[in-house]
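Below: the structure, in structure tokens.
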Number of protein chains: 2
Amino acid sequence: MQIVIIGSGNVAFHLAKAFVLNKIPLVQIFGRNEKELKKISGELNILYSTENLAKADLYIICVSDNSVEDVSKMITENNCLVAHTSGSLPKEILSGNYRKGSFYPLQTFSRSKALDYLKIPFFIEAENDDDRKILFNIASKISENVMESTPEKRKYIHLTAVFACNFVNHLFARAKEISDSQEIPFDYFLPLIDETVQKIYEIDPKSAQTGPAVRNDKRVLELHEQLLSGESLEIYKTMNHSIQKMYEL
Amino acid sequence: MQIVIIGSGNVAFHLAKAFVLNKIPLVQIFGRNEKELKKISGELNILYSTENLAKADLYIICVSDNSVEDVSKMITENNCLVAHTSGSLPKEILSGNYRKGSFYPLQTFSRSKALDYLKIPFFIEAENDDDRKILFNIASKISENVMESTPEKRKYIHLTAVFACNFVNHLFARAKEISDSQEIPFDYFLPLIDETVQKIYEIDPKSAQTGPAVRNDKRVLELHEQLLSGESLEIYKTMNHSIQKMYEL
């Protein structure tokens, strides 16, 4: 089986790395950004091109959602399987006469951060059992957590991930903005953040809620609002409102 | 030095436990809730009372912010030090002729969840150097991370903690609500959540941001809004707005 990864961003890099580490042969990594491709190619010892897409049995498209359709048109082969890694696009966005699939790794990828690929859940969709099996087998070489999915389910998986990852990270960014403004080292908060996450391994997050909103501590809520402005104030109000609604306060 | 802990909630329990584990003598745990006090007393082998507050050199008040003032009036000793554990109350809320202080552990406490007390940052305030030393020494027996604070600084520490802990947990609760609604096991998201937190040990959270908002992926943002309603929709809009403001999108 000849495989090509298309893209040069964080997902492409980590997927290519996981392939190499697990001895899944890659014939090429293809993309537009020569500088990035060169780096990936050098680090992982795989061929790259910005111009001539290699012939393959499977193409995995790891580009931003906005580019998936355009990129998919560059594949002129018919007898091949093409899958994208998007959390929210249908596989039908892929535009060509080939078989289509989805190969969605549920993880947040930063270029500079090593990952335990074994723990990454992969969600697979395909047009037929043979293709499902192909994608399933490849993902299973990387991860111990591979599942079939549906377009509808994948939308909600991605949405949940936005809350549990993207928004959580943004809260960290806003929290750090507040502590930085008072020259309080953000490191002080790391044990608290660790514990916040450790808790949900043992307790349902709804039962684990603490803080002024769930205690309906109006004095603290008002005090905090006076310390905040702009987007952080908006977040403060929205989150407290949502907490109080959840607990019917 | 005779010490009494006042309160029977999560903070009182964990502080009492940390005292016992580190052989800091407690003469009593005092509160209103006999059932809880009995449990703590039995588990930690310390005396409790709901009626007769023992004589002590140091009282640590671990009750909800709303009750600190009332509870502080029950201490009729003059030659003693009284400290509360609140993140946001000034030490002057303590109402009596004794010396006043603040003994603030920066952590989220759930009754059923064991904690590594050594990692909990403690923030200390007192009226004079001797009292500061007393509180500092006690906290240092529990934790390797004890610092002096000021009322102003403590307010911002607490506010930062609300963002980094209370709001993060609420995002987990809302995320789980979404995944539960589609019968997607929330466990799938734990590696992603772990990685989201691991990242900020290495990368500034502002640099670590991923997701549709920071990519300004309008198609996905609109799709997600259609899947949401109520408080989760409000959170979705507020967080995305804040992300896009932070990155000037």
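Keep in mind the model is a prediction, meaning the values are calculated, not measured. Every chain is numbered from 1, with letters handed out A, B, ... down the list of sequences.
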Any side-chain heavy atom of [X] sitting closer than 4.5 Å to one from [Y]?
X      : Y      : answer
A:H241 : B:E234 : no
B:T160 : A:K176 : no
B:N169 : A:K199 : no
B:H170 : A:S242 : yes
A:T238 : B:M239 : no
A:F109 : B:T210 : no
B:N166 : A:T196 : no
A:H158 : B:H224 : yes

Taking B:E183 first and then A:K153, would you say they form a salt bridge - that is, a charged N and a carboxylate O separated by under 4.0 Å?
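The answer is no: the pair does not qualify as a salt bridge.
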Hey, are A:E195 and B:K119 close enough for a salt bridge, meaning a charged N less than 4.0 Å from a carboxylate O?
no
Between atom [atom1] of [X] and atom [atom2] of [Y], what is the distance when rounded to the nearest 0.5 Å?
X      : Y      : atom1 : atom2 : result
A:T108 : B:Q198 : OG1   : CD    : 12.5 Å
A:L159 : B:I184 : CG    : CD1   : 9.0 Å
A:S181 : B:Y156 : OG    : OH    : 6.0 Å
B:R174 : A:M246 : CZ    : CE    : 3.5 Å
A:S64  : B:D217 : OG    : CG    : 7.5 Å
A:I235 : B:I243 : CD1   : CD1   : 8.0 Å

Go through it in stages, so that I can follow the logic: the residues are A:I200 and B:I193, the test is side chain to side chain contact (heavy atoms under 4.5 Å, CB included), and I'd like the CA-CA distance, side-chain angles, deciding distance and then a yes or no.
CA-CA 10 Å; A:I200 60 165; B:I193 290 169; 3.9 Å; yes
Between chain A and each of [options], count heavy-atom pairs under 4.5 Å; write down the option with the most.
options                        : result
B:L192, B:L106, B:D65          : B:L192
B:D116, B:L171, B:I178, B:D204 : B:L171
B:G87, B:S232, B:S86, B:A213   : B:S232
B:L190, B:V220, B:I203, B:V214 : B:L190

Output the option from [options] having the highest count of non-hydrogen pairs under 4.5 Å with chain B.
options                        : answer
A:S179, A:S88, A:G230          : A:S88
A:N66, A:L115, A:N240, A:I157  : A:I157
A:Q107, A:R215, A:K206, A:K218 : A:Q107
A:P212, A:P121, A:C165         : A:C165

Give, as side chain, backbone, both or neither, the part of [X] having an atom under 4.5 angstrom from any heavy atom of chain B.
X      : value
A:V162 : side chain
A:L223 : side chain
A:E177 : side chain
A:I120 : neither
A:Q182 : side chain
A:S207 : neither
A:E202 : side chain
A:K155 : both
A:N10  : neither

CZ (B:R219) with more than 12 external heavy atoms under 6.0 Å:
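Counting neighbours around CZ of B:R219, more than 12 heavy atoms of other residues, nucleotides or ligands fall under 6.0 Å, so yes.
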Kindly check if the number of other-residue, nucleotide or ligand heavy atoms within 6.0 Å of CZ (A:R111) is above 12?
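Yes, because the 6.0 Å sphere around CZ of A:R111 holds more than 12 heavy atoms from other groups.
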Are B:Y201 and A:D194 close enough that a side-chain donor and a side-chain acceptor fall under 3.5 Å?
yes
Starting from the C-alpha separation in whole Å, work towards a yes-or-no answer on ring pair (Phe, Tyr, Trp, His ring centres under 6.0 Å) for B:F167 and A:Y236.
CA-CA 8 Å; B:F167 289 172; A:Y236 193 80; 5.5 Å; yes
Taking it one step at a time, do A:F163 and B:F172 satisfy ring pair (Phe, Tyr, Trp, His ring centres under 6.0 Å)?
CA-CA 7 Å; A:F163 276 71; B:F172 295 151; over 10 Å; no
Per-residue contacts, residues 140-148 of chain B versus chain A, heavy atoms under 4.5 Å:
B:M147
Using every non-hydrogen atom in the two residues, find where A:P205 and B:A173 come nearest and quote the distance to one decimal.
CB-N, 3.7 Å
